There are 2 protein chains.
Amino acid sequence: MTYRLPPLTTLRLFEAAARLMSFKQAAEELGLTPSAVSHGIQTLEDWLGVRLFIRYNRGLDLTEAGQAYLPQVSEALASLARATDAVPGRRPSGKLSVSCASTFAARWLLPSLPRFQARHPEIQVSMDTRFRQVEFPRDGIDVAIRLAAGPWDGLHALKLEEEWLVPVCTPAMAETISSCADLARATLLHNVSVSTDWAYWFATKGEPEIEPARSSRFDTIQMVLDAAISGLGVGIGRLPLVQRDLDSGRLAMVLGPPIPSRTAYWMVCARESLARPEVRAFRDWLRSELPLSRAG
Amino acid sequence: MTYRLPPLTTLRLFEAAARLMSFKQAAEELGLTPSAVSHGIQTLEDWLGVRLFIRYNRGLDLTEAGQAYLPQVSEALASLARATDAVPGRRPSGKLSVSCASTFAARWLLPSLPRFQARHPEIQVSMDTRFRQVEFPRDGIDVAIRLAAGPWDGLHALKLEEEWLVPVCTPAMAETISSCADLARATLLHNVSVSTDWAYWFATKGEPEIEPARSSRFDTIQMVLDAAISGLGVGIGRLPLVQRDLDSGRLAMVLGPPIPSRTAYWMVCARESLARPEVRAFRDWLRSELPLSRAG
DNA sequence: GGATCGGATGAGGCGCGCTCACCCGAGCCG
DNA sequence: CGGCTCGGGTGAGCGCGCCTCATCCGATCC
């Protein structure tokens with residue numbers, strides 16, 4: 001006699017579908033067709049003898065049974081994933097998945113990665129910029145690099161570097177700006193998602209907020225910096241993110257020195273992941289790269 | 001991105017093989033061939049990139065990795081089994097697995113079962129006498145009936161009836177026994193596995209232990225009672241177990257009244273199992289049959 | 001009313017996981 | 001020593017389970 005368990009593969013389908021509340025999205029996540037998800041969940045429901053989902057023509061709902069089942073299945077699968085990741089002595093898989101913001105990927109990680117690859121050619125790094133927040137171990141990410149203040153409950157976290165804010169523009173434009181008043185004649189570049197950057201900077205400097213001649217708004221920090229590089233105006237740069245652009249002369253600081261942001265870059269991962277040599281290697285390499293703003 | 005999980009079906013193989021420390025036995029338990037277990041575990045080991053077992057030509061050992069992995073896999077599977085059993089509103093499976101001692105099965109449960117079947121013809125009851133102790137939910141048992149003193153940590157338990165001890169023999173032989181001294185001329189029937197029955201009875205009666213003319217020893221309580229019924233001697237009977245034999249005149253009590261044993265019959269099951277209608281039905285029926293010693 | 005979108009359904013095919021047959025090496029016995 | 005037994009490993013082959021494909025369905029949105 002043994003555990004009475006439903007077909008275990010169907011539990012993954014159920015978990016994904018219930019979490020995403022969509023067969024279609026679950027299928028995408030699992031690399032299957034929606035049809036496979038539908039079939040699989042039906043198999044599970046038949047085995048259980050109870051419906052787990054209420055199907056509307058558009059969208060889903062969990063039945064009472066599904067609601068009761070989901071958290072326990074989730075927890076069990078997560079627990080298996082953690083345990084599996086932490087099996088001691090596993091032959092390195094040679095793969096490492098790093099989650100970070102696309103800005104950080106483009107401005108720091110991607111340019112620095114060759115040095116990591118030189119040291120560890122056997123590790124195949126994939127960068128993943130889809131998540132703003134990673135759920136370990138569910139999202140299949142090994143390491144996340146995040147701009148935040150902490151704390152990091154139950155996770156391994158390594159503080160990389162404080163973040164600093166400073167206005168940046170092209171070196172040519174920088175010649176024309178020596179006081180806050182000069183900003184009135186410039187175009188200020190704003191980021192719609194972190195729209196308080198300039199206000200915070202003015203406040204910290206103890207200066208009244210300037211009403212500039214013109215201002216532009218961009219979707220991402222990345223685009224603000226690209227705009228500044230193109231000479232479209234003055235944006236708030238973040239150190240160490242723009243360090244490379246400052247070093248290369250594509251950007252110049254104005255009205256320095258930089259003021260501290262209230263956040264820092266952290267490397268975060270599940271404690272168990274440290275058992276994996278790839279993760280240790282990446283953490284050790286990150287440490288050796290500190291400070292991130294060091295010329296690379 | 002999703003949980004990075006090994007082929008889940010192989011985890012069942014691993015759990016069973018590690019628990020039983022044998023591919024062969026695991027295969028038997030799972031209804032597979034040893035070859036399938038071997039293949040499956042190899043698949044898991046390949047996926048993990050680490051050996052879980054050390055293979056000797058005879059027998060197995062867990063590697064360090066296996067030792068670390070096993071408890072977590074066990075717990076996760078058990079947790080899934082519990083959650084699955086407890087899914088609310090499941091259509092009744094129509095099956096119920098009852099574990100009890102073979103003596104109880106033969107002397108009480110089997111004869112009484114027709115009444116349960118009459119009330120619940122839709123439930124297919126299987127009796128299982130393999131386990132002395134059941135591990136819920138691993139052994140696939142719904143309900144266990146046990147002679148014990150309790151307590152029952154974390155389980156649902158229903159006390160059925162106290163157990164009583166009394167010497168029994170054929171009615172004809174009973175005519176010849178009216179005092180403890182008469183036992184000296186009789187054959188005392190002993191059970192090798194519960195060899196203190198007679199000693200406990202004499203001590204409780206406050207009588208010195210008789211050295212009988214002859215004594216016989218049997219492997220099981222069942223055989224002791226059969227021997228008594230066949231007129232081979234006087235055995236210690238247990239109420240309510242022998243109630244039926246007393247009622248039918250196949251056995252008679254001597255030197256009564258019965259003395260209390262220190263144990264009682266209990267019905268035990270996992271709390272979650274009470275969600276299942278089959279389990280509730282069985283418990284309710286057992287309650288309605290109380291006292292077990294009632295003529296049936 | 002046509003387009004779209006998400007899920008259901010049935011047929012079909014591919015691949016995984018199982019079985020079968022055989023090998024291997026250790027221990028046990030005569 | 002030699003043959004037997006016993007438990008696990010291995011490779012070939014097959015069948016079934018699971019997935020895909022194609023199509024249908026009903027609701028919702030223009």
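Just so we're on the same page: letters track the sequence lines, and every chain starts at 1. Because the structure is predicted, anything quoted here is derived from the model rather than measured.
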Problem - Interatomic distance where CG belongs to A:D46 and P belongs to D:dG17 [whole Å] - result: 14 Å
Exercise for the section: Let me know the distance between CZ of B:F23 and P of D:dT10, rounded to the nearest Å. Expected result: 11 Å
Practice task
Identify, with sequence neighbours excluded, every residue that meets side chain to side chain contact (heavy atoms under 4.5 Å, CB included) alongside B:D153.
Solution key: B:P151
Pairs: protein N or O with nucleotides 17-19 of chain C N or O, under 3.5 Å:
unit_1: C:dT19; atom_1: OP2; unit_2: B:T33; atom_2: N; d: 2.8
unit_1: C:dT19; atom_1: OP2; unit_2: B:T33; atom_2: OG1; d: 2.6
unit_1: C:dT19; atom_1: O4; unit_2: B:H39; atom_2: NE2; d: 3.4

Handout entry: Nearest-0.5 Å distance that lies between atom OH in A:Y69 and atom CG in A:L44
Key = 5.5 Å
Handout entry: Partners passing side-chain hydrogen bond (donor to acceptor under 3.5 Å, both in side chains) against A:R55 (at least two apart in sequence or in another chain)
Key = A:E45
Practice task
Round to the nearest Å and state the distance from A:L11 atom CG to D:dC18 atom P.
Solution key: 12 Å
Problem - Euclidean distance, atom CH2 of residue B:W47 to atom P of C:dC16 [Å, nearest integer] - result: 16 Å
Practice task
Kindly write out the residues that satisfy side-chain hydrogen bond (donor to acceptor under 3.5 Å, both in side chains) with B:R271, not counting sequence neighbours, or none if the list is empty.
Solution key: none
Exercise for the section: For B:I41 and D:dG8, give me the distance from atom CD1 to atom C1', rounded to whole Å. Expected result: 11 Å
Practice task
Return no unless some side-chain N or O of A:R55 is found under 4.0 Å from OP1 or OP2 of C:dA8.
Solution key: yes
Problem - Residues that B:R146 engages under side-chain hydrogen bond (donor to acceptor under 3.5 Å, both in side chains), provided they are two or more places apart - result: B:S99
Practice task
For the helix from C:dG1-D:dC30 to C:dG30-D:dC1, figure out the bend between the end axes, five pairs an end, and round to 10 degrees.
Solution key: 10°
Completion exercise
Applying side-chain hydrogen bond (donor to acceptor under 3.5 Å, both in side chains) to B:S273 and not counting sequence neighbours gives none
Handout entry: Counterpart residues, ring pair (Phe, Tyr, Trp, His ring centres under 6.0 Å), relative to A:F53 (two or more places apart)
Key = A:F14, A:F23
Practice task
Hey, could you give me each pair passing salt bridge (charged side-chain N to carboxylate O under 4.0 Å, His left out) that has a residue in residues 60-86 of chain A? Not counting sequence neighbours.
Solution key: A:E75-A:R82, A:D85-B:R4
Fill in the blank from the handout: dist A:L96:CG -> A:H120:NE2 (nearest 0.5 Å) comes out at 10.0 Å
Practice task
Compare side-chain N and O positions of B:Q42 against OP1 and OP2 of D:dG9 and report whether any pair is under 4.0 Å apart.
Solution key: no
Handout entry: Phosphate OP1/OP2 of C:dA8 contacted by A:S38 side-chain N/O (<4.0 Å)
Key = yes
Exercise for the section: Would you mind reading off the distance between B:I54 atom CD1 and D:dG9 atom C1', rounded to a whole angstrom? Expected result: 17 Å
Exercise for the section: Could I get the full list of side chain to side chain contact (heavy atoms under 4.5 Å, CB included) partners for A:Q25, not counting sequence neighbours? Expected result: A:L20, A:S22
Completion exercise
Between OH of B:Y56 and C1' of D:dG9 the distance, given in whole Å, is 17 Å
Hey, what are the protein-to-nucleotides 28-30 of chain D N/O distances that come in under 3.5 Å?
none

Problem - Results of salt bridge (Lys or Arg N to Asp or Glu O under 4.0 Å) for A:R283 - residues two or more places apart only - result: none
Handout entry: Length of the CG-P vector between B:L62 and D:dG8, whole Å
Key = 13 Å
